[in-house]
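All remarks here apply to the structure that follows.
Throughout, protein chains are lettered first and strands after them, A, B, ... in sequence-line order, and every chain is numbered starting at 1. Bear in mind that the values here come from a model prediction, so they are computed numbers and not experimental data.
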Amino acid sequence: MDVSHILDRLNDPQREAVTASGGHHLVLAGAGSGKTRVLVHRIAWLIEVEQVPGWNILAVTFTNKAAREMRSRIDELLTIPSGAMWVGTFHGLAHRLLRSHWKEAGLSQGFQIMDSDDQFRLIKRILKSLDLDDSRWPPRQVQWFINAQKDEGRRPKHIDDCDDFFQKQMIRIYQEYEDACKRGGVVDFAELLLRSHELWLNNPELLEHYRKRFSHILVDEFQDSNSIQYAWIRLLVGTHNLLFVVGDDDQSIYGWRGARVENILNFQSDYPGSSLIKLEQNYRSSGNILKAANSIIEHNPTRLGKNLWTEDGAGEPVHLYSAFNEVDEARFVIGRIQEQIEQGKQRSEIAILYRTSAQSRLFEEALIQTSIPYRVYGGMRFFERAEVKDALAYVRLINHQHDDVAFERAVNQPPRGIGPRTLDAIRQHAREFSCSMWQASVELKQGGDMQARAANAIQHFIDLIEDNRSADDDLPFHEDISRIIAISGLRDHFQKSRDGKGQDRIENLDEVINAARQFINHEDELLSDLDAFLAHASLEAGENQGQEYEECVQLMTLHSAKGLEFPVVFIGGLEEGLFPHRMSADDPERLEEERRLCYVGMTRAMQQLTLSHAESRRLHGSESYPLPSRYLREIPHQYLLEVRSTPQISRPYAPAAQSNSEGQFHLGQQVTHPKFGEGVILNSEGEGSTARVQVNFADTGVKWLVVNYANLS
DNA sequence: GAATGCGAAGGCAGG
DNA sequence: CTTCGCATTC
């Protein structure tokens, strides 16, 4: 048969990976080395050449975006239909599994998914009900603890209390949390994975069924898998199935949410006889960018080791700008972007990356000033907005009365006279009788154990929910949602609000109806349209909202940039304490992860990469004077070019900076110091006898020196 | 019980 | 600089 459409345009290692036969395979795919292409072509190879039926194939990714892209590229490449292949994220596949086997998994039929905000609120309520001081037991920390345990596959009973009071208490809270989830019929993200792992462990015949079905298992971004995902895959692979994983240990940046880079480092010992294929040719970045990125990642001691190369020319050097402060940094970047656009670049070819979401604001302000359209990825996603969650809480409660998370959210929003006292009574009753809050309200109301006023308010709420429930009809579900939003009083409530955001909120409510109208249910053999929509809202949170307007400058965190590429990339805030972040400062492993994050960011750039740092930055309300990031020192000078502010942008408050030391030293100049050795001038300030220059020394790092004493040459 | 105002506390990355 | 919990007042 003709396989040229599968094998043409692949280099040798890529072709080796695509056509590899038998056994397990680990493909170490460097940034921009054609990782997705290899996966997609591998699947086409299996289907068209090895004649593996589509329904024997399972392909797992980490993000919905990656899953969508893989699906569409497979469809593009295949000459025959892909059949009932499973392609999805770990969470999406686990969810599907649990919907099919909710009974065996010990879940309720209509179980709902909590996002991390729901989870946080639930934990706060549990701490309150246990009468624990939340300054001693910070909800964030508890949430982190519970998720970390689940990521490692541990239930409360599996955790060693170490005879330690703190640990014991944490385990107790975890147990209470589990009970509350069960009462409310809700599962969090980590629970999806843990529960579906247990489903297989406890139901050997089910496991056997899926083992028979999925003879070929492919995993993307393997370095991002956590312990439970790894165990899940390993269980499914069993002794007969074939595993093909693609990953890059240098791009492992999700350790903080449980990812274990060891999974990729230990792959060959866990799967004896598996083959290792390295993809090292980079098709994305020009030479200088790639070399600069390589020289940074080489500072990490624990790597499998890989050296990316390119056939491309050196291209432009990596640009470096030292900004006076964070405002100057933003103005410089936006000035450069204007130049790029004037030179014919599309706005969507330009990306600004940063370490923390908060940094986007400055760039946004500068972009607004210059009227350049932009789009911020990540941040608050559509289905995470308060008003959207309020509306969906009503929808959830109407369809699943026992959903306590939805109950708590909807019961007094908008305010209808059900205050803390009444709610406390309901919560207590629910705990006592181990029932849902909905049931507790009904029982309390009927028992007459309530003040008349509260009982009235509760009855009003119960009627509201019940009436909508009985209004079950054949209307498309978006009409139900529309009616619920109107009847709940949310629309009126936001209409009346005077905080200036009311109109936005109402528009978002309308957008919920819109999203429901456009929603396509892909799981209709498992779920009603409405439940599929609710699951979609939790699992996807509206990642792709607003993608219709593409011609924008792209703003995003370094994390969300992974997997993307742009001709022109700016990375801001390369400062100690920000990047690497101070929270990582005292842990070598986390510092390595920060460096990998920097590597990921730099390797997004195709033609032009500009790094910047600010000498002073307003952070959390106070001024700081951070040192330039260590990563700037790790780039050899020959790949770097120091740039100065574009002419139309003056450096505020430092007009003298450009003129001082004129004729003697200038920014970017190579200098030699008798003691510190060779370095590059990063910056300067002051005049005459007090003039100082900031020098980045190859050996000792960045230092400020007084020109008159430093004896620089 | 709801609206308003104040002070303290917490702040990273994201599916 | 925000957000959240709390106290005060209506």
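- Counting only heavy atoms from C-beta outward, the side chains of A:Glu576 and A:Arg582 never approach each other to under 4.5 Å.
- Of the candidates A:Asn325, A:Val327, A:Leu362, A:Arg617 forms a side-chain contact (heavy atoms from CB on, under 4.5 Å) with just one, namely A:Leu362.
- Among the protein residues, A:Thr422 comes within range of the sugar-phosphate backbone only, with heavy atoms under 4.0 Å from sugar or phosphate atoms but none that close to a base.
- Rounded to whole Å, the distance from CD on A:Gln413 to C1' on B:dA3 is 14 Å.
- B:dA13 sits 16 Å from C:dC4 when the P atoms are compared, rounded to a whole Å.
- Using a 4.5 Å cut-off on side-chain heavy atoms (C-beta onward), A:Trp256 and A:Arg590 make no contact.
- Checking B:dA13, B:dG14, B:dA2 against the side-chain heavy atoms of A:Thr356 singles out B:dA13 as nearest.
- At whole-Å resolution of the value, CZ in A:Phe382 and C1' in B:dG15 are 18 Å apart.
- Considering only side-chain atoms of A:Asn64, the nucleotide from B:dG14, B:dC12, B:dG15 that sits closest is B:dG15.
- Mapping A:Asp151 and A:Glu594 onto DNA chain B by nearest heavy atom places A:Glu594 at the nucleotide closer to the 5' end.
- Ion pairing of A:Asp531 with A:Arg99 is absent here, as no side-chain N (NZ or NE/NH1/NH2) approaches a carboxylate O to less than 4.0 Å.
- Taking atom CZ on A:Phe120 and atom P on B:dC12, their separation rounds to 12 Å, with Å as the unit.
- In this structure, A:Gln229 places its CD atom 10 Å from C1' of B:dG15, rounding to the nearest Å.
- Across the protein-nucleic acid pair, A:Tyr377 atom OH and B:dG15 atom C1' stand 16 Å apart, rounded to whole Å.
- Salt-bridge formation is detected for the pair A:Asp117/A:Lys389: a Lys NZ or Arg NE/NH1/NH2 atom is positioned less than 4.0 Å from an Asp or Glu carboxylate oxygen.
- Once you apply a 4.0 Å limit to the heavy atoms of chain A, the touched nucleotides of DNA chain C run 5' to 3' over C:dC1 to C:dG5.
- Between A:Ser357 and B:dA13, a side-chain N or O to OP1/OP2 separation shorter than 4.0 Å is present.
- Salt bridge A:Glu540/A:Lys65: absent, no basic N to carboxylate O contact under 4.0 Å.
- We find that A:Asp188 and A:Lys150 are joined by a salt bridge, their nearest charged nitrogen and carboxylate oxygen being less than 4.0 Å apart.
- Aromatic stacking of A:Trp256 on B:dA13: satisfied, with centres closer than 5.5 Å and planes within an angle under 30 degrees.
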Protein N or O to nucleotides 6-11 of chain B N or O, pairs below 3.5 Å:
residue, atom, partner, partner atom, Å
B:dG11, N2, A:His620, O, 3.4
B:dG11, N2, A:His620, ND1, 3.0
B:dG11, N3, A:His620, ND1, 3.2

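- A cation-pi arrangement is not found for A:Arg491 relative to A:Phe494, the charged atom failing to lie both closer than 6.0 Å to the ring centre and inside a 45° cone about the ring normal.
- One can place CG of A:Leu578 at 11 Å from P of B:dC12, the figure rounded to the nearest angstrom.
- Among the atoms of the strands shown, only primed sugar atoms or phosphate atoms (P, OP1, OP2) are found under 4.0 Å from some heavy atom of A:Lys124.
- Taking the ring centre of A:Phe189 as origin, the terminal cationic atom of A:Arg257 falls outside the region bounded by 6.0 Å and 45° from the ring axis.
- Taking a cutoff of 4.0 Å between a charged side-chain nitrogen and a carboxylate oxygen, A:Glu384 and A:Arg381 qualify as a salt bridge.
- For A:Arg421, the side-chain atoms get nearest to B:dG1 when compared with the rest of B:dG15, B:dA13, B:dG1.
- Separating the CD1 atom of A:Ile418 from the P atom of B:dA2 is a distance of 8 Å, rounded to the nearest angstrom.
- Using a 4.0 Å heavy-atom distance criterion, A:Asn412 is classed as a sugar-phosphate-only contact.
- Taking atom C1' in both B:dC12 and C:dG5, the straight-line distance is 24 Å, to the nearest Å.
- A:Arg590 comes within contact range of at least one nucleobase, with a heavy-atom separation under 4.0 Å.
- Nearest nucleotide to the side chain of A:Met583, out of B:dG1, B:dG15, B:dC12: B:dC12.
- Using a 4.0 Å heavy-atom criterion, one finds that A:Thr89 contacts no nucleic acid atom at all.
- Using a 4.0 Å cut-off, no side-chain N or O of A:Thr557 falls inside it from OP1 or OP2 of B:dC12.
- At whole-Å resolution of the value, CD1 in A:Ile253 and C1' in B:dC12 are 13 Å apart.
- Mapping A:Ala454 and A:Tyr254 onto DNA chain B by nearest heavy atom places A:Ala454 closer to the 5' end of the strand.
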Next on the checklist: Let's go through A:Arg303 and A:Glu592 carefully: what are the C-alpha distance in whole Å and the side-chain angles of both, what is the deciding distance for salt bridge (Lys or Arg N to Asp or Glu O under 4.0 Å) to 0.1 Å, and is it a yes or a no?
Outcome noted: CA-CA 10 Å; A:Arg303 310 170 57 210; A:Glu592 281 196 45; over 6 Å; no
